[in-house]
Amino acid sequence: MAFHRIFVLDLAGVGMGEAPDANRFQSVGADTIGHVAQQWPGDLSLPTLQQLGFGNIRITNPIPGIPPVEQPTGYFGRLHMAAQDNRRATGLREMWDYTGPIRTESVFTTLTAAGYSVTLAGPFLSYLATQTPAERFQVGTNQAAFQLLYDRLNAPVSGLTYVVLPEFRFAGEHQDLEASAQALQMTDQHLAQVIHDLGANDLLILTATHAADPTFGPTPTREYLPLLVYSPSRQASHALGIRRTLADVGATVLENYGGAPTTTGHSLLNELTQ
């Protein structure tokens with residue numbers, strides 16, 4: 001086991017610019033982070049995310065006010081959804097389902113069956129609500145989501161904590177650009193405390209299961225999705241490139257806790273521990 005605890009924070013709704021197949025999903029020109037940063041008065045200040053490498057994800061198309069840093073503390077990259085549909089739950093299933101020897105399995109149930117703690121928190125879609133072996137918590141605000149995350153950071157139990165921040169989706173669906181910007185800034189402030197509370201053998205993964213550009217009518221929008229990975233025990237970092245499926249996140253978690261390699265996604269673990 002490379003990491004004792006893994007925390008996955010889902011900024012569900014935060015996209016990084018239109019995906020190559022955006023034309024199939026009415027998303028040409030979609031760019032959640034770019035549009036929020038461009039239209040926010042003054043610079044959108046996200047110092048914690050910036051230091052992790054958020055701006056480094058888009059070196060060729062910089063995020064206004066969030067330039068790359070020379071020595072980011074986190075690994076950084078982009079995820080591209082492989083699924084041929086683009087509903088809100090599509091990315092969630094792609095990230096956490098994998099093909100087992102007999103049928104499609106869930107990373108959550110596999111971990112609990114192996115004796116590891118699994119905590120799920122977010123505004124429940126039906127998929128999360130059915131993961132009965134895990135501890136499940138319904139949260140309706142980012143503040144409540146972070147409070148639960150802080151509680152789990154103080155628990156020494158080995159396993160996975162997956163937390164969905166709900167306010168980015170709400171802002172996107174209501175075309176509320178101001179709410180998107182405020183949620184990003186509040187998230188950045190909380191992340192500073194999360195990073196402070198991480199143990200040496202913990203892993204934090206920041207990502208998103210879908211995008212919701214508040215300047216677009218239909219959501220989700222088909223965009224690249226952020227990927228930031230950080231552990232206090234990893235002093236060097238590098239680019240993770242463009243990952244071709246969200247399942248790489250689930251495969252990473254599964255491999256860390258001794259699960260068999262999957263054909264669905266490619267684990268990042270070797271890239272983080274080499």
Side-chain angles (χ1 to χ4, degrees), residues 3-14 46 48-49 52 54 74 88-89 91-93 95-96 106-112 114-173 179-180 182-210 212 225-232 246 249-250 252-254 256-257:
F3 300 100
H4 182 65
R5 302 185 300 179
I6 298 180
F7 300 90
V8 178
L9 189 59
D10 184 353
L11 285 64
V14 176
L46 305 174
T48 309
L49 283 164
L52 285 172
F54 195 60
R88 230 178 30 239
L92 180 63
R93 290 180 176 274
M95 186 172 288
W96 299 113
S106 161
V107 174
F108 303 138
T109 55
T110 300
L111 292 187
T112 53
Y116 293 102
S117 169
V118 175
T119 300
L120 310 176
F124 276 172
L125 300 171
S126 58
Y127 178 72
L128 288 182
T130 60
Q131 304 301 309
T132 51
E135 286 192 87
R136 295 162 295 149
F137 300 87
Q138 185 159 358
V139 294
T141 66
N142 287 4
Q143 179 69 38
F146 273 110
Q147 187 56 59
L148 186 138
L149 182 56
Y150 293 144
D151 291 343
R152 286 300 178 267
L153 281 164
N154 290 323
V157 180
S158 180
L160 169 69
T161 298
Y162 171 61
V163 177
V164 183
L165 299 181
E167 294 181 22
F168 297 110
R169 171 172 69 87
F170 299 156
E173 291 176 348
S180 290
Q182 290 174 342
L184 279 165
Q185 291 178 323
M186 187 266 270
T187 295
D188 193 83
Q189 293 165 7
H190 278 291
L191 276 175
Q193 185 64 48
V194 170
I195 289 171
H196 177 271
D197 292 348
L198 284 172
N201 207 27
D202 292 340
L203 183 69
L204 173 66
I205 300 176
L206 299 173
T207 186
T209 46
H210 72 273
L225 300 167
L227 178 63
L228 292 171
V229 183
Y230 171 78
S231 174
L246 277 65
V249 174
T252 302
V253 173
L254 196 64
N256 184 74
Y257 293 112

Reference residue Leu206; test side chain to side chain contact (heavy atoms under 4.5 Å, CB included); the match among Leu227, Leu49, Val229: Leu49

Side-chain heavy atoms of [X] within contact of [Y], under 4.5 Å:
X: Trp96; Y: Val8; value: yes
X: Arg169; Y: Pro123; value: yes
X: Glu135; Y: Val118; value: no
X: Ile6; Y: Thr252; value: no
X: Phe168; Y: Thr187; value: yes
X: Phe108; Y: Leu160; value: yes
X: Leu203; Y: Leu198; value: no
X: Leu9; Y: Phe146; value: yes

Checking Thr207 side chain against Pro226 main chain: does a donor-acceptor pair fall under 3.5 Å? yes

Verify, without hydrogens or angle tests, whether Arg88 (side chain) and Ala12 (backbone) share a donor-acceptor contact under 3.5 angstrom.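 Flag not set: sc Arg88 to bb Ala12 has no pair under 3.5 Å.
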
After noting the C-alpha distance and the side-chain angles of Thr109 and Gln131, does the key distance pass the side chain to side chain contact (heavy atoms under 4.5 Å, CB included) rule? CA-CA 7 Å; Thr109 55; Gln131 304 301 309; 3.7 Å; yes

From CA spacing to verdict: side chain to side chain contact (heavy atoms under 4.5 Å, CB included), Tyr162, Val253: CA-CA 11 Å; Tyr162 171 61; Val253 173; over 6 Å; no

Contact summary for [X] and [Y], nearest pair of heavy atoms:
X: Arg152; Y: Thr119; result: NE-OG1, 3.0 Å
X: Pro156; Y: His4; result: O-NE2, 2.9 Å
X: Thr112; Y: Pro133; result: OG1-CB, 3.3 Å
X: Ser180; Y: Gly172; result: OG-N, 4.4 Å
X: Thr209; Y: Met95; result: CG2-CE, 3.8 Å
X: Glu167; Y: Asn142; result: OE2-N, 2.8 Å

Could you state the interatomic distance from OG (Ser158) to CG (Asn201), rounded to the nearest 0.5 Å?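 So the OG of Ser158 and the CG of Asn201 are separated by 8.5 Å.
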
Hey, could you give me the CG/CD distance between Leu165 and Gln143, rounded to the nearest 0.5 Å? 11.0 Å

Among residues at least two apart in sequence or on other chains, which ones pass salt bridge (charged side-chain N to carboxylate O under 4.0 Å, His left out) with Asp188? none

Name the orientation class of the two ring planes belonging to Tyr257 and Tyr116 (parallel below 30°, tilted from 30 to 60°, perpendicular beyond 60°).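 Plane angle between 30° and 60°, so tilted.
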
Begin with the C-alpha distance, continue with both residues' side-chain angles, and end with the deciding distance and a verdict on side chain to side chain contact (heavy atoms under 4.5 Å, CB included) for His190 and Gln193. CA-CA 5 Å; His190 278 291; Gln193 185 64 48; 5.8 Å; no

